[in-house]
Asker: 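Below: one structure in structure tokens.
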Amino acid sequence: MKQAIQQKRIYLSPPHMSGKELDYINEAFETNWIAPLGPNVDAFEKELAQKVGVRAAAAVSSGTAAIHLALILLGVEKGDTVFCSTLTFVATANPILYQGAEPVFIDSEPETWNMSPHALERALKEAADAGKLPKAVIVVNLYGQSAKMDELLALCNLYDVPMVEDAAESLGSTYKGKASGTFGYFGIYSFNGNKIITTSGGGMLVSDDEAAIEKARFLATQARDKALHYQHSSLGFNYRMSNILAGVGRAQLQVLEERVAQRRQIFKKYKQDLASNSGIRFIQEQKDTSTNRWLTVISIDEQLAGISLGTLLHALIQNNIEARPVWKPLHLQPLFKHVRFYPHDIGNCVSTDQFENGICLPSGSNLTEHDMDRITSCILSAASL
Ligand SMILES: *Cc1c(COP(=O)(O)O)cnc(C)c1O
């Protein structure tokens with residue numbers, strides 16, 4: 001009986017350790033700092049704040065927790081609205097629901113695939129006219145590419161609405177020389193296992209408002225008042241990062257630049273190797289920005305490429321290569337079916353198009369040349385059948 005030899009699985013974005021993580025973990029064990037606080041947590045916060053250039057940072061259990069804390073600190077409550085990018089992972093918007101508030105989704109624009117200033121302008125104007133401005137605008141930097149920050153910030157400032165920057169995917173990217181994640185009143189990063197650097201699971205809330213970050217630490221440790229006994233006057237959460245995982249984060253942070261360079265190199269090779277197929281397009285790096293290329297995303301023009309998105313995804317999966325469609329826009333999700341949505345232009349929904357034609361390719365920084373050749377030849381041969 002003939003059996004197909006299953007080739008090694010290629011993952012979308014697996015963890016890539018530096019080798020120094022165990023030193024920090026061992027130190028935590030030797031000093032018995034096995035707790036959601038300790039020297040690694042304090043140091044990781046300081047080191048990350050310094051790296052991105054913000055005054056303060058709070059290490060928490062996930063990027064989602066960081067977004068939740070940002071919304072609480074901005075006073076988001078039941079009955080409030082929060083504007084949010086539609087083309088993103090559900091974790092961006094779930095904390096709006098945790099607070100009993102109502103999301104309003106904003107479409108993407110075609111260049112960065114991020115929040116359309118055009119749509120945001122209409123949404124803010126209508127909200128101002130109705131006398132109900134949102135409590136916050138959550139802007140995502142998708143796949144590493146910064147959103148059009150100047151335009152988006154100008155609108156937020158005009159209406160005096162704070163921005164929360166979801167930089168879960170864009171740590172190590174810059175916009176006009178300034179680190180991604182440092183543009184909003186609050187910024188958040190994720191260290192989930194698939195992100196550019198990881199602590200297996202974790203997140204960080206950053207801001208120049210040191211008092212707000214101090215309050216975030218308080219809320220993240222069950223909001224325990226300063227008293228000898230257990231005293232609580234506000235609702236808290238168990239959201240702090242453990243001292244062991246913060247040790248992993250410290251070692252990972254030291255190789256961030258290296259990881260960015262490796263992912264950018266992967267993008268470059270995909271672009272070269274797939275250039276022969278004119279139906280395959282890439283997200284262009286925008287002027288004055290540098291992207292970490294967390295994931296390389298291709299957009300398929302079915303007519304020109306000679307293959308549909310579905311067939312291509314299937315071919316990759318058949319070859320034991322993990323590839324994924326881009327995020328399904330949140331305004332199309334059953335969970336949010338009654339939520340308001342502002343398209344890029346009236347009658348022109350850009351994110352739907354990006355979803356219907358986009359595929360994320362394996363982009364881990366530990367991908368080998370051989371892995372990449374397997375992926376690109378699978379794509380090219382599937383398209384020529
Ligand atoms: C990963 C991710 C998050 C959530 O981060 P977790 O650490 O997994 O909670 C939020 N937003 C975006 C855009 C993400 O990609």
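Here, residue 1 is the first one in the sequence, and each next residue gets the next number. As the structure lists them, so they are numbered: ligands from 1, and atoms in each ligand from 1.
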Asker: Check the pair Asn141 / Glu169 against side chain to side chain donor-acceptor pair (under 3.5 Å), numbers first and verdict last.
Answerer: CA-CA 7 Å; Asn141 304 302; Glu169 302 177 3; over 6 Å; no

Asker: Provide the number and element of each atom of ligand 1 under 4.0 Å from a heavy atom of Gly63.
Answerer: 5 (O), 6 (P), 7 (O), 9 (O)

Asker: Please work out whether the ring planes of His344 and His118 are parallel, tilted or perpendicular, with thresholds of 30° and 60°.
Answerer: tilted

Asker: Looking only at non-hydrogen atoms, find the nearest pair between Leu124 and Cys156 and report the distance.
Answerer: CD1-N, 4.4 Å

Asker: Number the atoms of ligand 1 from 1 as they appear, then name those within less than 4.0 Å of a heavy atom of Ala91, with their elements.
Answerer: 3 (C), 4 (C), 10 (C)

Asker: Take Tyr175 and Asp288 through the side chain to side chain donor-acceptor pair (under 3.5 Å) test and state the conclusion after the steps.
Answerer: CA-CA 6 Å; Tyr175 177 93; Asp288 295 330; over 6 Å; no

Asker: Between Lys125 and Asp129, does any NZ, NE, NH1 or NH2 come within less than 4.0 Å of an OD or OE carboxylate oxygen?
Answerer: yes

Asker: For atom 11 (N) of ligand 1, find the nearest protein heavy atom and state the residue, atom name and distance (0.1 Å precision).
Answerer: Asp166 OD2, 2.7 Å

Asker: Please identify which atoms of ligand 1 are closer than 4.0 Å to at least one heavy atom of Thr64.
Answerer: 4 (C), 5 (O), 6 (P), 9 (O)

Asker: Would a hydrophobic clustering, with Ile, Leu, Val, Met, Phe, Trp and Tyr connected at side-chain separations under 4.5 Å, put Trp327 with Val297?
Answerer: yes

Asker: For Gln254 and Ser18, run side chain to side chain donor-acceptor pair (under 3.5 Å): C-alpha distance rounded to whole Å, both residues' side-chain angles, the deciding distance at 0.1 Å, then the answer.
Answerer: CA-CA 8 Å; Gln254 288 166 17; Ser18 70; 5.9 Å; no

Asker: Could you identify the single nearest non-hydrogen protein atom to atom 2 (C) of ligand 1 and state the distance to 0.1 Å?
Answerer: Lys195 NZ, 2.9 Å

Asker: Is it the side chain (CB and beyond), the backbone, both or neither of Ala168 that lies under 4.0 Å from ligand 1, heavy atoms counted?
Answerer: side chain

Asker: Report the nearest protein non-hydrogen atom to atom 15 (O) of ligand 1: residue, atom name, distance rounded to 0.1 Å.
Answerer: Glu169 OE2, 2.6 Å

Asker: Take every heavy atom of Ala65, measure it against each atom of ligand 1, and state whether any distance is under 4.0 Å.
Answerer: no

Asker: With atoms numbered from 1 as shown, which atoms in ligand 1 lie under 4.0 angstrom from a non-hydrogen atom of Gly202?
Answerer: 7 (O)

Asker: Quick one: sort the His331 and Phe341 rings into parallel, tilted or perpendicular, breaks at 30° and 60°.
Answerer: parallel

Asker: If the cut-off is 4.0 Å to any non-hydrogen atom of Thr88, which atoms of ligand 1 fall inside it?
Answerer: 13 (C)

Asker: Can you check whether Ser190 has an N/O within less than 3.5 Å of an N/O in ligand 1?
Answerer: yes

